[in-house]
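First up is the structure itself, then whatever we jot down about it.
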Amino acid sequence: MFRYLLRKLLSWTVIVFLATNLTFFLASFFLDPRSNYAGRRPPLSAEEIDSLLTPLNLSPGTPILERWWTWLTGILTRWDWGLSPLGDSVNEQISFRIWVSAQLTLLATLLSIVIGVAIGVYTASRQYKRADRAWQAVSIITMNTHVVVASIAVVWLGLKINEWTGTRVFYVTGSASPDTEGFFNRIVDSAQHLILPTVSLLIISYAGYHFLQRTLLLDNLNADYVRTARAKGLTKAQAVRKHALRTSLIPVATSVAFSVPGIFTGAVMTEQIFAWQGMGQYFLQTISRNDVHGTVAVAAFGAAMTAVSAILADLFVVALDPRVRVS
């Protein structure tokens, strides 16, 4: 198993390295950092703009191979991903925003998985009964609700609760209050900022896991091995829990593993609405500012998360399927 994981890790390292370098060349060809200085008053000459971008390793006047080598050696020797056209450190931006996105999306994703799978198991065990039809109706509505609509509804409800209680129970914008002191106070403050965006993400994301788990479990309930387990004396609940559920969880676990990249970079609208300075918002900023180094760093992070997802998917399958462990 260790040798297998080592081979996978090495192969994905090569893939991430090649993809990141290719992204650098593509970003250098299509993004123009000089546009950040257009429209300034008084206007800057081409020579002045070039003198500002050259120390940042972003000047189009420098041969692209020279810029690439300077960028690559900076990463390999100092783990320095470069500077933005405005002089900001990409390392500092990424390290801060990863943590912000992790707070926002990891909890929402975990809750979506647990709630969605639980509802899927519950409704599959009660196929076509009233509870099954009611949950299907609710999930269809939430699945077709846009994140902006869900976020606005959650914000409205949070403001109403603040109004009814006469105190600030929930914060609508930001990830934390800068003037909060004390460990306990910071935990409470983080929760007040986190609840509303987490609920908005939960509303739109749990339904996919609900329908996936329900469909897979229904396919396995009538399988021969489940009927054999029932014939040996297991109750329906025991047969579902020990046999059908374990098999049906394999595709769900794989789907969850490959959602890791989107966890960090996919909550763009939610971050925008709730003013969270996360990876999704940073990705939009790097594109709009023609930030070559920032765009490449986000792409590299996404590629690395894809590699992590692939390895996690293999581990999940091994953990859930004893046949794979034997092979």
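L104 and T198 make their closest contact through O-OG1, 4.1 Å (heavy atoms, listed as atom of the first residue, atom of the second, distance). Residues S139 and T142 come closest through the heavy atom pair O-OG1, 3.0 Å. The two atoms that bring V148 and I273 nearest to each other are CA-CD1, 3.9 Å, heavy atoms only.
The side-chain hydrogen bond (donor to acceptor under 3.5 Å, both in side chains) analysis of residues 67-90, with sequence neighbours excluded, yields the pairs N21-W68.
Atom CZ of F96 and atom OG of S175 lie 5.5 Å apart (nearest 0.5 Å).
Side-chain contact between M143 and Y206: absent, with no pair of heavy atoms (C-beta onward) separated by less than 4.5 Å.
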Please step through side-chain contact (heavy atoms from CB on, under 4.5 Å) for the pair S177 and R186, ending with a clear verdict. CA-CA 8 Å; S177 300; R186 288 180 180 175; over 6 Å; no
List the steps, then state whether side-chain contact (heavy atoms from CB on, under 4.5 Å) holds for L52 with L44. CA-CA 10 Å; L52 291 172; L44 299 178; 4.0 Å; yes
R97 and Q285: side-chain contact (heavy atoms from CB on, under 4.5 Å), yes or no, with the steps? CA-CA 12 Å; R97 292 171 184 273; Q285 289 179 2; 3.4 Å; yes
Could you walk me through whether L5 and L315 pass the side-chain contact (heavy atoms from CB on, under 4.5 Å) test, one step at a time? CA-CA 9 Å; L5 290 176; L315 293 176; 3.9 Å; yes
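Salt bridge annotation for D32-R34: present, with a cationic side-chain nitrogen under 4.0 angstrom from a carboxylate oxygen.
F301 and F17 fall within a single hydrophobic cluster, where Ile, Leu, Val, Met, Phe, Trp and Tyr side chains are chained together by heavy-atom contacts under 4.5 Å.
Around the CZ atom of R126, the shell of radius 6.0 Å holds more than 12 heavy atoms that belong to other residues, nucleotides or ligands. Heavy atoms from other residues, nucleotides or ligands lying under 6.0 Å from CZ of F25 number more than 12.
Donor-acceptor pairing under 3.5 Å is lacking for the side chains of N220 and S248. Side-chain N/O atoms of T180 and N185 include no donor and acceptor closer than 3.5 Å. Donor-acceptor pairing under 3.5 Å is recorded for the side chains of D132 and Q136.
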Hey, can you pull the donor-acceptor pairs under 3.5 Å for the side chains in residues 112-124, sequence neighbours left out?
from	atom 1	to	atom 2	distance (Å)
S112	OG	A108	O	2.7
S112	OG	S205	OG	2.6
T123	OG1	I119	O	2.8
T123	OG1	G120	O	3.2
T123	OG1	H210	NE2	3.4

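The ring pair (Phe, Tyr, Trp, His ring centres under 6.0 Å) check on H193 picks up Y171, with sequence neighbours excluded.
Ring-plane geometry between F24 and H293 is classed as parallel, the angle between the planes falling under 30 degrees on a 0 to 90 degree scale with a further cut at 60.
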